[in-house]
Amino acid sequence: MIGKLLAACAVLFGVLSAPAAAQTAPRNVVLVTIDGYRWEELFRGADPTLVTEPAARARYVDVPDRAQALTPFLLSFAQTGVLIGDRDHGSCARVTNDFWFSYPGYAEMLEGHPNPHIRANHAGPNPEVTVLERLIRRPEFADQVRVYAEWNVVPDILNVERSHIPVFNPPDESAPHDPQVIARAREVFAQLPRVTWIALGDTDNRAHERNYEAYLAAAMAADDFLRALWDAIEADPRTAGHTTLIVTADHGRGASAGGRWSGHGSGRWRGLIVPGLRHVGSDAVFIAARGPGVVATNAYDMDHCATSAQVAATLLESLGLLNEERQPDMAAPLTIFAPTVASQ
Ligand SMILES: [Zn+2]
């Protein structure tokens, strides 16, 4: 009798609680950006023509698999989630803004469309509203949006005076930025908010200094951080299985030849294109994601590139809030979710 009663209770409990738990478990998202990290290094590894020093060649070039030697965790998204942008194999992602530098890139990915007001990195506080600001306006997200950024323009991109999004910037501008951001971001691993943007960028800082080996080292450090972040997410029952991690870059860089790799930008200036400022190919980016329901796709080939603008709606969909927060001018979410998740 007691056995039957327990069995009945178990059935009843199962029927009542399992779907309810699935519907109410809060979903989280973490966006990590690696400023100006090229798809070339991500998928091909270090460019042997740019690495000269013997110790660096031993570390990055004379290895069995150059890409694996650099960012193995990010590459694993191809198996555990989705990884778009390997143009050598016909997978394509790009920005759709006209400029191919940082503020326009972040504005595009966080608003879901190119922002016509942002034509320079010193454009000042963003007149448009990012998806992070739309989320923090919701009562249940009031203290659940946090940003850790190496770049001191990020408060403008998010218009923090208006949005009140808390942004951590590195206190010491003269020291490498990413280690400072990573140290602070690690402090919240145990209490991850629902929405986190971690903006790394020593890749871009070292590239502009034409220090290719330091650029590679910054990419490796970013990859180590991503692995530690994911391990922490998976170890915490509050976030494990409920958290989507999206990783992308705000722009690419120019080709290796002629030192063009160190810079980026379309060369657009006051309605003209200045050839000397144009870094062909720096509109190319990668987009990676993993988490509940994220599956690989081959939808984005060279004729149908994924775009940075699609990140905003993808972020909303990963929270189950696409229908509520999507804007008419937002690009469609990436088709990376299995149907059960996409239907919510
Ligand atoms: Zn940038």
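First listed ligand is number 1; within each ligand, the first listed atom is number 1. Numbering starts at 1 and runs along the sequence shown. The figures here come from the full heavy-atom set of this structure, side chains too, leaving out hydrogens, waters and symmetry mates.
Between the OG atom of S102 and the OD2 atom of D250, the angle taken at the Zn ion (ligand 1) works out to 90° after rounding to 10°.
For the Zn ion (ligand 1), the set of nearby N, O or S atoms under 2.8 Å includes one belonging to H251.
The environment of CZ in R162 is crowded: more than 12 heavy-atom neighbours from other residues, nucleotides or ligands sit within 6.0 Å. Q191 CD: 12 or fewer foreign heavy atoms inside a 6.0 Å radius.
Looking at D35 and the Zn ion (ligand 1) together, the shortest N, O or S contact belongs to OD1.
No side-chain donor from either of R27 and T239 sits under 3.5 Å from a side-chain acceptor of the other.
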- Check the pair D156, N126 against side-chain contact (heavy atoms from CB on, under 4.5 Å), reporting the backbone distance first and the verdict last. CA-CA 6 Å; D156 276 352; N126 192 348; over 6 Å; no

